[in-house]
> 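Structure incoming, see below.
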Amino acid sequence: MYQAKQSGRNRIEAFDANEDRSQRENHIKGQRILQGLHHHEFVLHVQPKVDMQSGQVIGVEALAQWQHPQQGLLTPQHFLPHIEGGELELAFGQWSIMQALDILEDFQQQGLSLPVAVNLSPTHLQHSHFTQWMASQLQAHPRIPPRLLDLEITENAALHDMQKMSQVLKALRALGLNISLDDFGTGYSSLTYLSKLPLDSLKIDRSFVCDMLTDRAHRAIVHGVITMASSFGCKVIAEGVESHEQCACFSDMGCHWAQGFYFARPMAVEDFYRWLQTREQTSQPQLAS
Ligand code: G
Ligand code: MN
């Protein structure tokens with residue numbers, strides 16, 4: 001018994017030490033990310049969303065990349081975990097929205113009227129000034145119709161206060177913005193979100209998409225979500241689509257919008273313009289075959 005207590009105590013001490021170290025590491029990484037933001041080391045790449053029936057591009061998702069001077073191009077999973085839950089998460093979200101508005105300005109100049117989606121932690125929605133800040137950003141870009149900016153909100157604990165979230169989302173929609181629920185199916189109470197939150201669209205998480213062809217239970221869940229979302233007037237987009245078979249399966253279930261490596265990887269905005277041009281000139285991957 002004594003030994004058990006001893007080892008228990010040791011375990012707690014070891015845990016605390018580890019926790020402390022990981023917090024310090026996170027802080028240092030966070031500071032480096034902040035420095036990177038100030039030094040313009042981050043850039044938004046875009047990944048197209050496609051209507052599988054017509055083959056038309058219906059929008060893009062903007063995804064942050066870190067052009068790290070020593071480590072090269074880093075994708076979000078290398079830096080987002082280090083900023084979660086802190087002040088930096090808010091600074092990063094605001095930076096993403098401002099960059100997305102710049103991309104929309106650029107699209108306008110190219111004569112492209114395509115929505116740009118930006119990833120936003122629901123933590124933003126808990127801050128009383130966010131809606132006001134968002135309105136001022138839109139005012140600073142009077143040529144951009146607000147409906148072209150799509151906020152992709154990730155499911156996490158901050159969404160649990162559904163009454164408050166619902167109020168904020170309503171206010172953001174009143175500004176004309178589109179609201180999407182990202183990574184749908186990964187968190188809890190997903191179906192409650194769907195019925196209680198004012199959403200324009202939801203994105204079915206990649207984890208369901210990747211094993212949908214082999215896992216009947218996942219396929220049944222996806223089918224149910226598509227049917228239910230449609231009855232709430234909410235559009236559905238499949239994330240992480242990598243094959244023709246997955247496209248066909250989604251189409252059969254009544255979901256016609258998708259995004260994933262099957263169509264294109266995230267790319268720099270200039271590369272996206274070239275990709276669009278090549279696509280117009282050649283045949284596009286679509287289902288009618
Ligand atoms: O959760 P969110 O939709 O923000 O995730 C975007 C991430 O998913 C990006 O890092 C992007 O590169 C990745 N991604 C996009 N499409 C695919 C895909 O078809 N397969 C895989 N494995 N990852 C993808
Ligand atoms: Mn997203």
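Numbers here simply count residues along the sequence, with the first being 1. Order of appearance sets the numbers: ligands from 1, and atoms from 1 within every ligand.
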> Of all N, O or S atoms in E61, identify the one at the shortest distance from the Mn ion (ligand 2).
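This residue's closest N, O or S atom turns out to be OE2.
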> Tell me: protein heavy atom nearest atom 16 (N) of ligand 1, and distance?
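Protein heavy atom at minimum distance: Q47 NE2, 3.1 Å.
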> Among the N/O/S atoms of D182, select the one at the shortest distance from the Mn ion (ligand 2) and name it.
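When I compare the N, O and S atoms of D182, OD2 is nearest to the Mn ion (ligand 2).
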> Would K203 count as a polar contact of ligand 1, with the cut-off being nitrogen or oxygen pairs under 3.5 Å?
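In this structure, K203 places no N or O atom under 3.5 Å from an N or O of ligand 1.
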> CD of E280 to CH2 of W275: how many Å apart, nearest 0.5 Å?
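Answer for the CD-CH2 pair, E280 versus W275, is 10.0 Å.
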> Quick one: are Q108 and P145 in side-chain contact, heavy atoms under 4.5 Å?
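Yes; the side chains approach each other to less than 4.5 Å.
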> If I take every N, O or S atom of E239, is at least one of them less than 2.8 Å from the Mn ion (ligand 2)?
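E239 does not place any N, O or S atom closer than 2.8 Å to the Mn ion (ligand 2).
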> Using a 3.5 Å distance criterion without hydrogens, assess whether the side chain of R206 forms a donor-acceptor pair with backbone atoms of E239.
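No; zero donor-acceptor contacts below 3.5 Å.
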> Taking CD in Q35 as the centre, count heavy atoms belonging to other residues, nucleotides or ligands within less than 6.0 Å. Is the count above 12?
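Count over threshold, so yes.
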> Taking N or O atoms only and a 3.5 Å limit, does Q259 qualify as a polar contact for ligand 1?
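In this structure, Q259 places no N or O atom under 3.5 Å from an N or O of ligand 1.
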> Give the numbers and elements of all ligand 1 atoms closer than 4.0 Å to a heavy atom of N119.
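Every atom of ligand 1 under 4.0 Å from some heavy atom of N119: 4 (O).
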> Has E61 got any heavy atom lying under 4.0 angstrom from an atom of ligand 1?
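Under 4.0 Å: yes for E61.
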> Tell me whether E152 has at least one N, O or S atom under 2.8 Å from the Mn ion (ligand 2).
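It does; at least one qualifying atom falls short of 2.8 Å.
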> When you check the gap from the basic side-chain N to the acidic O, do E152 and K49 get nearer than 4.0 Å?
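Salt bridge: yes.
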> Using 0.5 Å steps for rounding, measure from the CG atom of D182 to the CD1 atom of I204.
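One finds 12.0 Å between CG of D182 and CD1 of I204.
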> Distance under 4.0 Å to a non-hydrogen atom of D182: what atoms of ligand 1 satisfy this?
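The list of qualifying atoms is 1 (O), 2 (P), 3 (O), 4 (O).
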> Within the 4.5 Å heavy-atom criterion, are L172 and T131 side-chain neighbours or not?
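L172 reaches T131 side chain to side chain.
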> Can you confirm whether more than 12 heavy atoms, excluding those of H27, are under 6.0 Å from its NE2 atom?
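No - once you tally the heavy atoms of other residues, nucleotides and ligands closer than 6.0 Å, there are 12 at most.
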> Below 2.8 Å, can you find an N, O or S atom of N119 next to the Mn ion (ligand 2)?
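For N119, the answer is yes, given that an N, O or S atom comes within less than 2.8 Å of the Mn ion (ligand 2).
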> Out of curiosity, is L63 lining ligand 1, as in a heavy atom under 4.0 Å away?
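Distance cut 4.0 Å: L63 passes for ligand 1.
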> So that I know where these two stand, are F92 and F42 an aromatic pair - ring centroids less than 6.0 Å apart?
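Distance test on ring centres: under 6.0 Å, yes.
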> Is it the case that more than 12 heavy atoms not belonging to Q163 sit under 6.0 Å from its CD atom?
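12 or below, so no.
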> Which protein heavy atom lies closest to atom 19 (O) of ligand 1, and at what distance to 0.1 Å?
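Minimum-distance protein heavy atom for atom 19 (O) of ligand 1 reads F261 N, 2.8 Å.
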> My understanding is that only one of E61, Q259, R265 makes a side-chain hydrogen bond (donor to acceptor under 3.5 Å, both in side chains) with Q47; could you say which?
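Among E61, Q259, R265, the one meeting side-chain hydrogen bond (donor to acceptor under 3.5 Å, both in side chains) with Q47 is Q259.
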> Classify the contact between T154 and ligand 1 as side chain, backbone, both or neither, using a heavy-atom distance cut-off of under 4.0 Å.
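It is neither part, as no heavy atom is under 4.0 Å.
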> Looking at G240, which atoms of ligand 1 are within less than 4.0 Å of one of its heavy atoms?
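With G240 as reference, the close atoms of ligand 1 come out as 17 (C), 18 (C), 19 (O).
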> Could you tell me whether the side chain of Q94 and the main chain of A91 form a donor-acceptor pair under 3.5 Å?
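Answer holds: no.
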> How does D183 reach ligand 1, by side chain, by backbone, by both or by neither, if only non-hydrogen atoms under 4.0 Å count?
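Near ligand 1, D183 shows its side chain, while the N, CA, C and O stay back.
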> At under 4.0 Å between heavy atoms, which part of R206 makes contact with ligand 1: side chain, backbone, both or neither?
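The part of R206 near ligand 1 is the side chain, not the backbone.
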> Tell me the contacting part of E239 for ligand 1: side chain, backbone, both, or neither, using a 4.0 Å heavy-atom threshold, strictly below.
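Looking at E239 and ligand 1, just side chain atoms fall under 4.0 Å.
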> Can you list the ligand 1 atoms lying under 4.0 Å from a non-hydrogen atom of V241?
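Those atoms are 19 (O).
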> At what distance is the nearest protein heavy atom to atom 21 (C) of ligand 1, and which residue and atom is it?
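For atom 21 (C) of ligand 1, the nearest protein heavy atom is E242 OE2, 3.3 Å.
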> Should you measure from each heavy atom of G260, which atoms of ligand 1 turn up under 4.0 Å away?
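Atoms satisfying the 4.0 Å criterion: 16 (N), 19 (O).
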> Can you tell which part of P266 has a heavy atom less than 4.0 Å from ligand 1: side chain, backbone, both or neither?
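Side chain only; the backbone of P266 stays clear of ligand 1.
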> Mark yes or no for whether D200, through its side chain, and I179, through its backbone, hold a donor-acceptor pair below 3.5 Å.
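Checked: pair present.
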